[in-house]
Amino acid sequence: MTGYAMLDAGYRTEVAALTGPLLLRSLDGRGERGAGDPGLAHHRRFWPEPVRVPPERLVLEAGRARIAGRGGADFPFARKLQVAIDSGRRRELVVNASEGEPASAKDSTLLLAVPHLVLDGAELVAEALGIGVVHVVVPGKRPAVTEAVRRAVAERPTGRRSLTFEIHPTSGGFVGGQSRAVLELLSGRDNLPVTSWEPEAVAGLRGRPTLMSNAETFAHLAAVHGVGVGAYTRLGTPDEPGTRLLSVAADGPGGVVVEVAHGEPLVNVLQLCGYEPDHPVLLGGYHGSWLSPAQVRQATISRAGLVPLRARLGAGVILPLLPGDCPVGFTAQIVGYLAERRAQRCGPCVFGLPALARACEQLALPAAGRTGPRPDVERVRELCTLVTGRGACQHPDGTARLVLSLLDTFEAEVLAHQHGTCRA
Ligand SMILES: Cc1cc2nc3c(=O)[nH]c(=O)nc-3n(C[C@H](O)[C@H](O)[C@H](O)COP(=O)(O)O)c2cc1C
Ligand code: SF4
């Protein structure tokens, strides 16, 4: 790492972005405020201009580099692109930089610091598929990000044919970045998830096949194309080449955004961001899984490295607990937040999440503060089962996953809480 920049997303707090090995290599802030130089001239010193390539070549490059979606589900980008090619119809293209999770700052960092890398990735796809409009969905609560994209779009040459970038700020909070919620926004309706019977790759915006990917995913596509598959795959592990952006924040929005190669020990990431690696960590954000201090020492930043710990990176949010913080209390706060952010459309969100939030709150309270009987951990598990797989989107499933991982990782702490005491 040679430097960092303090980025102001225009929302409550600032983010420290560290210079990285690939996507963030052009970020040379040396600690001053501002995004280093996000301009096109600076960008082109590091990255070539996107050229029109046959779609099959893009699929091949994305496949050999094993680019997996960075919006949370790790879906192979090459497969998504192939579906778009095979559809053979007029297609839509969406860059999802909604970043609805407050603790996540990686997509905002990309758009503030290296917006042209994301736009290059989208342009590569648009040119290859003959798409004329790229929809860029940005977090409505971070106005500086919208401004940064506007500035970047205005700077870009129009190219061989006219390609337009349309910018859409979200209004839907935590669930507003879910793919169907994004399509609702683009269709002029409430920015909330809705039930759909077909994947957006088949019938998305205006009923057309829609390729929607996370902003970081497009940045990786541009990076693979820019440095070549060989150089990209020299980073990371053979199974998971390349790098990943992580948002590391102990206390909500802001924190540190860091880019590491896959396979990096979690301990190194925490130390790099100024945290002692001796405390529990919530990995994967608000829909993520808890790691005990012993598991923190075993974990590496890769899908394969996290399977034995039953954890996932999700969208790359890492929340380290600070000394004295209690995982039971922290989980109860997050579940309360998630229950409030639900879109009141499906049963598990209307009834299940509030019930789960109340149960977690009772568990977290000291005995004297409780209003009901002693909390029943089996009832909490039962509520998790009841909400899972029943919503139109994965919001209830993610919330249940977080609670279950608390119960499984911190059995002793949960038991103490059941008896009204806290070990933190
Ligand atoms: C509740 C919920 C919130 C989501 N929020 C975001 C988000 O803010 N940004 C994002 O890119 N994907 C988000 N997703 C995932 C998207 O639905 C979609 O899978 C993703 O944008 C696809 O891009 P990828 O293949 O590059 O990951 C969310 C999913 C759920 C269930
Ligand atoms: S599960 Fe919840 S967030 Fe998802 S679509 Fe249904 S009501 Fe909305």
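Order of appearance sets the numbers: ligands from 1, and atoms from 1 within every ligand.
- The 12-atom threshold is not exceeded at CZ of R64, counting heavy atoms of other residues, nucleotides or ligands nearer than 6.0 Å.
- Interface of C349 with ligand 2, defined as ligand atoms under 4.0 Å from a residue heavy atom, comprises 1 (S), 2 (Fe), 3 (S), 7 (S).
- Close approach of ligand 1 to S98 is summarised as follows: ligand atoms under 4.0 Å from at least one heavy atom of the residue are 8 (O).
- At least one heavy atom of K80 sits closer than 4.0 Å to an atom of ligand 1.
- Ligand 1 has an N or O atom lying under 3.5 Å from an N or O atom of G71, backbone or side chain.
- The protein non-hydrogen atom at the shortest distance from atom 10 (C) of ligand 1 is N96 ND2, 3.2 Å.
- Between the side chain of E240 and the backbone N or O of A304 there is at least one donor-acceptor pair closer than 3.5 Å.
- Of the protein's non-hydrogen atoms, the one nearest atom 31 (C) of ligand 1 is Q178 CG, 3.7 Å.
- Below 3.5 Å of separation, one finds an N or O of N214 facing an N or O of ligand 1.
- Contact detail for F174 and P102: the closest heavy-atom pair is CD1-CD, 4.2 Å.
- By heavy-atom distance, the residue among D397, T217, T399 lying nearest atom 26 (O) of ligand 1 is T217.
- In summary, the atoms of ligand 2 found under 4.0 Å from a heavy atom of A392, numbered by their order in the structure, are 1 (S), 5 (S), 6 (Fe).
- Using a 3.5 Å distance cut-off with no hydrogens or angles, the side chains of T210 and E200 do not pair a donor with an acceptor.
- Among protein heavy atoms, atom 6 (C) of ligand 1 sits closest to G177 O, 3.3 Å.
- Ligand-side atoms of ligand 2 in range of P396: 1 (S), range being under 4.0 angstrom from any heavy atom.
- At least one donor-acceptor pair under 3.5 Å links the side chain of T385 to the backbone N or O of R381.
- The distance between the ring centers of H395 and H287 falls below 6.0 angstrom.
- Atom OG1 of T237 and atom CZ of R66 lie 8.5 Å apart (nearest 0.5 Å).
- Interface of G100 with ligand 1, defined as ligand atoms under 4.0 Å from a residue heavy atom, comprises 8 (O).
- Note that R310 lies outside the cation-pi zone of W290, set by a 6.0 Å cut-off to the ring centre and a 45° limit from the axis.
- Close approach to F174 involves these atoms of ligand 1, each under 4.0 Å from a residue heavy atom: 3 (C).
- The proximity of E99 to ligand 1, defined as any non-hydrogen pair under 4.0 Å, is limited to the backbone.
- Each of the following atoms of ligand 1 lies closer than 4.0 Å to a heavy atom of R70: 26 (O), 27 (O).
- Few gaps surround CZ on R44; more than 12 heavy atoms of other groups in view lie less than 6.0 Å from it.
- The residue P348 has no part lying near ligand 2, judged by heavy-atom distances below 4.0 Å.
- The closest non-hydrogen atom to atom 16 (C) of ligand 1, taken over G176, P139, S179, comes from S179.
- Between atom 4 (Fe) of ligand 2 and C346 there is no N/O/S contact shorter than 2.8 Å.
- Ring centroids of F46 and H42 are separated by less than 6.0 Å, placing the two rings close together.
- For T217 and R70, the side-chain atoms include no donor-acceptor pair closer than 3.5 Å.
- Here's the thing with H287: none of its N/O atoms is less than 3.5 angstrom from an N/O atom of ligand 1.
- Checking H417 against E413 by side-chain atom types alone, no donor-acceptor pair falls below 3.5 Å.
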